[in-house]
Amino acid sequence: MKKILGIFLCAGMIMSLAACGGGAKTGTAQEGVLVMATNAEFPPYEYHEGNAIVGIDAEVAAAIADKMGCTLEIEDIAFDSIIPEVSSSKADMGMAGMTVTEDRKQNVDFSVTYATARQVVIVPEGSDIASLDDLEGKTIGVQQGTTGDIYASDDYGDENVERYAKGMEAVQALTQGKIDAVIIDNEPARVFVSENEGLIILDEAYADEEYAIAVRKGNTALLEQINAALNELKADGTLDAIVAKYISAE
Ligand code: ARG
């Protein structure tokens with residue numbers, strides 16, 4: 001019975017174009033609304049500007065919602081709550097500069113990728129940490145649940161990793177001398193370093209990654225629409241234009 005209902009609604013969805021959220025169709029939120037779960041502590045991808053959440057992801061998500069004929073609703077939650085929120089259908093998609101990893105693929109499905117990124121190391125100017133090897137035995141700050149957290153814990157030992165709710169809090173701890181380094185994505189790193197005196201980014205990158213949008217596992221109807229929209233936004237230059245608005249060429 002469920003299956004028949006699913007097929008029926010999917011067909012209706014294609015015709016109506018209003019395919020977002022929508023109860024039984026995608027098993028999510030409200031009809032006509034695309035709910036995006038994010039963690040808006042990650043400039044230039046998502047951050048607060050006054051009462052608004054702005055950034056590359058926010059704008060790309062709005063463009064996707066627009067193509068789907070939906071209204072975008074952004075939910076700002078802890079980074080490590082995004083995947084649970086999506087898999088329990090409380091949000092339609094997770095978009096948060098989220099790196100595609102094999103582990104995460106066990107719990108959610110990912111769209112086509114829309115950005116490449118790197119994990120980098122931030123240290124104070126004059127630090128004795130000049131390379132990744134020098135991180136051995138040092139205290140490393142990360143945002144809880146991010147790939148920076150996962151990789152640093154694996155490579156340098158759980159006991160050497162300090163986890164913060166926000167990347168910015170890790171950077172603040174670094175400027176206060178409470179920790180020795182911060183591992184975080186390259187673009188937020190550039191923003192945080194520009195906003196805080198006395199910090200530098202090591203030339204040696206820690207890991208290369210790709211960002212994509214997460215949807216509930218098996219929600220192919222929604223995934224296909226997100227992919228179609230993303231591919232269009234890539235092809236017509238909209239994605240590049242949004243990125244250029246937030247990231248100046250290096
Ligand atoms: N790319 C990293 C990851 O997926 C960090 C993402 C953090 N995003 C955020 N909005 N706080 O784990």
Side-chain angles (χ1 to χ4, degrees), residues 35-49 52-62 64 72-87 90-122 140-156 158 161-174 181-193 195 201 205-215 226 230 242-243 246-247:
V35 181
M36 157 181 168
T38 195
N39 170 250
E41 302 295 341
F42 200 67
Y45 289 94
E46 45 266 328
Y47 56 101
H48 292 269
E49 205 171 76
I53 291 172
V54 298
I56 295 168
D57 288 348
E59 290 205 25
V60 172
I64 291 172
L72 178 70
E73 192 179 294
I74 301 181
E75 217 180 65
D76 183 20
I77 58 177
F79 182 75
D80 55 5
S81 299
I82 297 173
I83 287 183
E85 194 83 352
V86 168
S87 26
K90 288 194 192 107
D92 299 300
M93 64 178 194
M95 190 174 190
M98 189 181 282
T99 305
V100 179
T101 71
E102 288 309 314
D103 273 353
R104 288 175 181 165
K105 278 191 197 166
Q106 307 293 310
N107 298 307
V108 284
D109 287 339
F110 281 105
S111 70
V112 294
T113 60
Y114 65 91
T116 55
R118 262 175 329 224
Q119 293 297 308
V120 296
V121 183
I122 309 176
I140 304 166
V142 296
Q143 183 183 18
Q144 164 118 1
T146 59
T147 46
D149 179 5
I150 298 159
Y151 303 156
S153 306
D154 281 355
D155 292 345
Y156 300 101
D158 222 31
V161 177
E162 284 290 331
R163 297 176 182 83
Y164 298 87
K166 306 174 182 182
M168 187 58 187
E169 288 172 3
V171 172
Q172 267 153 6
L174 183 64
V182 168
I183 295 183
I184 194 164
D185 305 50
N186 55 320
E187 290 302 337
R190 285 178 69 198
V191 174
F192 294 147
V193 164
E195 288 172 348
I201 298 171
Y206 184 42
D208 290 316
E209 323 194 302
E210 287 190 304
Y211 294 165
I213 298 172
V215 302
I226 290 175
L230 264 179
I242 294 172
V243 171
Y246 288 93
I247 299 178

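One-based numbering, in listed order, for ligands and for the atoms of each. Just so you know, these numbers come straight off a predicted model, no measurement behind them.
Within 4.0 Å of ligand 1, protein heavy atoms belong to Asn39, Phe42, Glu46, Phe79, Ala96, Gly97, Met98, Thr99, Arg104, Gln143, Thr146, Thr147, Asp185, Glu209, Tyr211, listed by chain and number.
With Tyr151 contributing its side chain and Tyr206 its backbone, the two residues share no donor-acceptor pair below 3.5 Å. Checking side-chain atoms of Asp149 against main-chain N and O of Val142 turns up no donor-acceptor pair under 3.5 Å. A donor-acceptor pair under 3.5 Å links the side-chain atoms of Thr38 to the main chain of Met95, judged by distance alone. Between the Gln143 side chain and the Ala165 main chain, a donor and an acceptor come within less than 3.5 Å of each other.
A side chain to side chain contact (heavy atoms under 4.5 Å, CB included) with Val182 is found for exactly one of Leu174, Val120, Ile140, Val121, namely Leu174. Checked against Ile213 for a side chain to side chain contact (heavy atoms under 4.5 Å, CB included), the options Asp57, Ile226, Asp92 give a single hit: Ile226.
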